[in-house]
Amino acid sequence: MHLNAPPQFAAPALLGCLLVRDEVTLRITEVEAYGGPEDSASHARHGRTARNAPMWGPPGRAYLYFCYGVHWMLNVVTGPEGEASAVLIRGAEVMAGLGCVLAQRKAAKETPQLCAGPGKVAQALGLDGAFDGHDLLAPGGLELRAGLPPRTILTGHRLGIGFATAEHRARPWRFAAGDSLAVLQRKALHPL
DNA sequence: CGCCGGATTTAA
DNA sequence: TAAATCCGGCGA
């Protein structure tokens, strides 16, 4: 993991890494990079505020926020402390604790899309605002660990952004594991 | 202080 | 295709 790097470099490095909480272990399959004030789609676009403060913090911390009044979104803070950037965890596969995940997700059985989507990932891990700012590299609570990196990586544009500026098209912001089906709109991605 | 709209999910 | 359902940030 190279978290002390710009988000577009840290993002693909997070693919295959593990998110562990109690008996649940998820393997990250899809991520999306977000930058600082210069990134018009980032929460940091209006500068530092109470909500996005974790984005300016040291890498390896969690940044969680409530979206659409419905779902929590998990980000891994990247880049050097003092600069804002983070990587949204968009999808994952269940490696352990399937029973817990099914209960959290209120699902009857496992499917490739069980944890495909940022809201689903946080729900599967039972996360909420209490984990905002949590140190993912320290033991306890929610942990980020090295895992099995994908053999190939897919890349493409961001999802859910209602506009597409030249900056957004200039380079890829979304990355996914080529060996996984836990990826939304996989057809929109292409090999790195 | 009130309004607008969003890094989404699910069900109809 | 729309509803669910909050709150951050901006304009007044």
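Residue numbers start from 1 in every chain, and the chains themselves are labelled A, B, ... in the order their sequence lines are given, proteins ahead of strands.
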Peer 1: Return the nearest nucleotide to the side chain of A/His46; candidates are C/dC6, B/dT8, C/dC10.
Peer 2: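 Selected nucleotide: C/dC10.
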
Peer 1: Round to the nearest Å and state the distance from A/His157 atom NE2 to B/dA7 atom P.
Peer 2: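 Rounded to whole Å, this separation is 15 Å.
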
Peer 1: Send over the distance from A/Leu114 CG to B/dT8 C1', rounded to a whole Å.
Peer 2: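 In whole Å, B/dT8 C1' lies 16 Å from A/Leu114 CG.
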
Peer 1: Base, sugar-phosphate or nothing for A/His71? Non-hydrogen atoms, less than 4.0 Å.
Peer 2: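 It contacts base atoms.
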
Peer 1: Tell me the interatomic distance from A/Asp128, atom CG, to C/dT5, atom P, rounded to whole angstroms.
Peer 2: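 Value for this atom pair: 18 Å.
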
Peer 1: Taking A/Leu64's backbone N and O only, do any of them form a donor-acceptor pair with A/Asp132's side chain (distance below 3.5 Å, no angle check)?
Peer 2: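 Side chain of A/Asp132 to backbone of A/Leu64: a pair is present.
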
Peer 1: Whole-Å distance between B/dA7 P and A/Gln123 CD?
Peer 2: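 After rounding, the gap between these two atoms is 19 Å.
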
Peer 1: What about A/Leu127 and A/Phe66, same hydrophobic cluster or not, with Ile/Leu/Val/Met/Phe/Trp/Tyr joined at side-chain heavy-atom distances under 4.5 Å?
Peer 2: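 Cluster IDs for A/Leu127 and A/Phe66 match.
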
Peer 1: What is the minimum heavy-atom distance between A/Val77 and A/Pro54, and which atoms define it?
Peer 2: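 Distance-wise, the nearest heavy atoms are CG2-O, 3.3 Å.
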
Peer 1: Under 4.0 Å between a side-chain N or O of A/Lys120 and OP1 or OP2 of B/dT10?
Peer 2: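 For B/dT10, OP1/OP2 do have a side-chain N/O of A/Lys120 under 4.0 Å.
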
Peer 1: Any idea which of B/dT10, B/dA7, C/dC6 is nearest the A/Tyr34 side chain?
Peer 2: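 Output: B/dA7.
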
Peer 1: A/Arg105 near the nucleic acid: base, sugar-phosphate alone, or nothing, with a heavy-atom cut-off under 4.0 Å?
Peer 2: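 The residue A/Arg105 makes sugar-phosphate contact but no base contact.
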
Peer 1: Tell which nucleotide pairs with C/dT5, taking only Watson-Crick or G-U wobble pairs whose two distances are both under 3.5 angstrom.
Peer 2: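 Looking at the geometry, C/dT5 pairs with no nucleotide.
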
Peer 1: For C/dT5 versus B/dG2, give the span between their P atoms, rounded off to a whole number of Å.
Peer 2: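 Nearest-Å result for C/dT5 against B/dG2 at atom P: 23 Å.
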
Peer 1: Quick one: which of B/dA7, C/dG9, B/dT10 gets closest to the side chain of A/Leu88?
Peer 2: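 Given the options B/dA7, C/dG9, B/dT10, the side chain of A/Leu88 is closest to B/dA7.
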
Peer 1: Quiz question: by atom type and distance under 3.5 Å, do the side chains of A/Glu93 and A/Ser180 form a donor-acceptor pair?
Peer 2: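 Yes, A/Ser180 and A/Glu93 have a side-chain donor paired with an acceptor closer than 3.5 Å.
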
Peer 1: From CZ of A/Arg45 over to C1' of C/dG9, roughly how many Å is that when rounded to an integer?
Peer 2: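 From A/Arg45 CZ to C/dG9 C1': 9 Å.
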
Peer 1: Examine B/dT8: is either OP1 or OP2 under 4.0 Å from a nitrogen or oxygen in the side chain of A/Arg90? Give yes or no.
Peer 2: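 Yes, such a contact exists.
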
Peer 1: Please give, in whole Å, the distance from B/dA7 P to A/Asn52 CG?
Peer 2: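 Going from A/Asn52 (CG) to B/dA7 (P), I get 13 Å.
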
Peer 1: Separation of A/Met55 atom CE from B/dA7 atom P, in whole Å?
Peer 2: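 Whole-Å distance recorded here is 11 Å.
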
Peer 1: Measure from CD on A/Glu32 to P on B/dG6 and round the result to the nearest Å.
Peer 2: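 Distance check: A/Glu32 CD to B/dG6 P gives 15 Å.
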
Peer 1: Contact class for A/Tyr68 vs. all strands (heavy atom < 4.0 Å): base, sugar-phosphate, or nothing?
Peer 2: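 Base contact.
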
Peer 1: Which of these nucleotides, B/dT10, B/dA7, C/dC10, is closest to any side-chain atom of A/Tyr63?
Peer 2: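 From the listed options, B/dA7 comes nearest.
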
Peer 1: Is A/Gln113 reaching over with its side chain to a backbone N or O of A/Leu181, donor-acceptor style, under 3.5 angstrom?
Peer 2: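 Side chain of A/Gln113 to backbone of A/Leu181, a donor-acceptor pair under 3.5 Å: yes, one is there.
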
Peer 1: What's the closest nucleotide to the side chain of A/Thr49 if the choices are B/dA7, C/dA4, C/dG8?
Peer 2: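 Side chain of A/Thr49 sits closest to C/dG8.
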
Peer 1: Does B/dA7 pair with anything, Watson-Crick or G-U wobble, both distances under 3.5 Å, and if so, with which nucleotide?
Peer 2: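 Pair assignment: B/dA7 / none.
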
Peer 1: Indicate yes or no for a side-chain donor-acceptor contact from A/Arg61 to the backbone of A/Leu136 under 3.5 Å, with no hydrogens or angles considered.
Peer 2: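 No, A/Arg61 side chain to A/Leu136 backbone: no donor-acceptor pair under 3.5 Å.
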
